[in-house]
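Please read all numbers here as calculations on a predicted model, not as lab measurements. We use all heavy atoms of the structure for the numbers below, so side chains are in, but hydrogens, waters and symmetry mates are not.
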Amino acid sequence: KCQKIKMANVSDPAIQDAYNNIQSDSNPQTYVILGYSNPTTLSVTAQGEGDLNEATSNFADDQCQFAYIRVTTGDEESKRAKFVLLSWIGENAKVMQKAKMSVHKASVFFNDTATTDIYTLSLHDALPI
């Protein structure tokens, strides 16, 4: 029997709050990590004001996670924000969770604002951006 994969639940208000903070030029927050609190529900598992390395240090080898990260580029004369959506699939994550990632990515509302979208099994492959 084929099993229909449901979209992910991203209704946690903390997700929208973190997204708004990252998008805001006046807020120092630079990243949010979303993880699964159950097989179809995403919630905030980490957030902070650090760089890309700090953000990705929150990834777990046995988890599937999403990260939305603000990266500032340019020189002193012209700084601009770029937004990265990272889809992380830990090497030891459960097989069904891995399979759901591509479908659940569509539920991650901030997907369409990302400048760069990276789907990775290895940080070595993804970094540096």
Side-chain angles (χ1 to χ4, degrees):
K1 247 184 178 180
C2 284
Q3 190 177 33
K4 187 175 180 181
I5 297 176
K6 296 178 182 177
M7 299 301 276
N9 176 349
V10 292
S11 63
D12 181 353
I15 296 173
Q16 182 68 50
D17 290 344
Y19 169 78
N20 290 340
N21 289 342
I22 294 165
Q23 286 283 311
S24 172
D25 289 334
S26 63
N27 191 297
Q29 184 174 351
T30 56
Y31 71 87
V32 62
I33 309 295
L34 303 181
Y36 288 90
S37 54
N38 69 46
T40 59
T41 302
L42 289 165
S43 59
V44 173
T45 59
Q47 53 189 325
E49 301 174 7
D51 63 9
L52 188 61
N53 289 323
E54 179 183 314
T56 57
S57 72
N58 291 284
F59 290 152
D61 192 45
D62 64 343
Q63 299 292 314
C64 292
Q65 296 164 290
F66 295 97
Y68 187 62
I69 306 167
R70 178 189 185 103
V71 179
T72 303
T73 63
D75 56 29
E76 293 303 316
E77 301 289 321
S78 176
K79 291 190 184 243
R80 56 200 163 276
K82 301 290 183 179
F83 301 95
V84 177
L85 175 64
L86 258 169
S87 301
W88 168 256
I89 298 177
E91 187 175 336
N92 297 316
K94 294 178 182 176
V95 173
M96 283 306 294
Q97 195 64 59
K98 290 178 181 181
K100 293 177 182 180
M101 284 291 286
S102 63
V103 174
H104 287 178
K105 182 179 145 197
S107 299
V108 180
F109 63 90
F110 46 69
N111 177 14
D112 56 273
T113 64
T115 306
T116 304
D117 187 1
I118 299 171
Y119 181 81
T120 186
L121 302 171
S122 164
L123 288 180
H124 176 72
D125 294 341
L127 301 175
I129 292 177

What pair of heavy atoms forms the shortest contact from I33 to A55, and how long is it? CD1-O, 3.5 Å
Assess the pair H104 and F66: is the distance between their ring centroids shorter than 6.0 Å? no
Check whether any side-chain N or O of T30 sits under 3.5 Å from a backbone N or O of R70 as a donor-acceptor pair, and report yes or no. no
State the CG-OG1 distance between N9 and T41, to the nearest 0.5 angstrom. 4.0 Å
Could you pull out the closest heavy-atom pair between Q29 and G48, with the gap in Å? CG-O, 3.4 Å
Interatomic distance, CG@D25 vs CZ@R80, rounded to 0.5 Å, equals 13.5 Å
Pairwise distance CE(M101) to OG(S87) - rounded to 0.5 angstrom: 4.5 Å
For S107 and V10, the nearest pair of non-hydrogen atoms, with its separation, is O-CG2, 3.3 Å
Could you tell me how the ring of Y19 sits relative to the ring of Y68: parallel (under 30°), tilted (30 to 60°) or perpendicular (over 60°)? tilted
Pairwise side-chain contact, V44 with I15, heavy-atom cut-off 4.5 Å (strictly under): yes
dist K94:NZ -> D62:CG (nearest 0.5 Å) comes out at 9.0 Å
Side chain of T56, backbone of L52: donor and acceptor closer than 3.5 Å? yes
In Å and rounded to the nearest 0.5 Å, what is the CG to CD distance from N21 to Q16? 10.0 Å
With a 3.5 Å distance limit and no angle check, can you tell me whether N58 reaches the backbone of E54 through a side-chain donor-acceptor pair? yes
My understanding is that only one of L42, T45, L34 makes a side-chain contact (heavy atoms from CB on, under 4.5 Å) with Q65; could you say which? T45
For D61, give me all partners under salt bridge (charged side-chain N to carboxylate O under 4.0 Å, His left out), at least two apart in sequence or on another chain. none
Quick one: does E91's side chain have a donor or acceptor within less than 3.5 Å of a partner on A93's backbone? no
Nearest heavy-atom pair of Y31 and E49: which atoms, and what distance? CE2-N, 4.1 Å
What are the two closest non-hydrogen atoms of A18 and Q47, and how far apart are they? CB-OE1, 3.7 Å
Nearest 0.5 angstrom please: S57 OG to D51 CG, how far? 9.0 Å
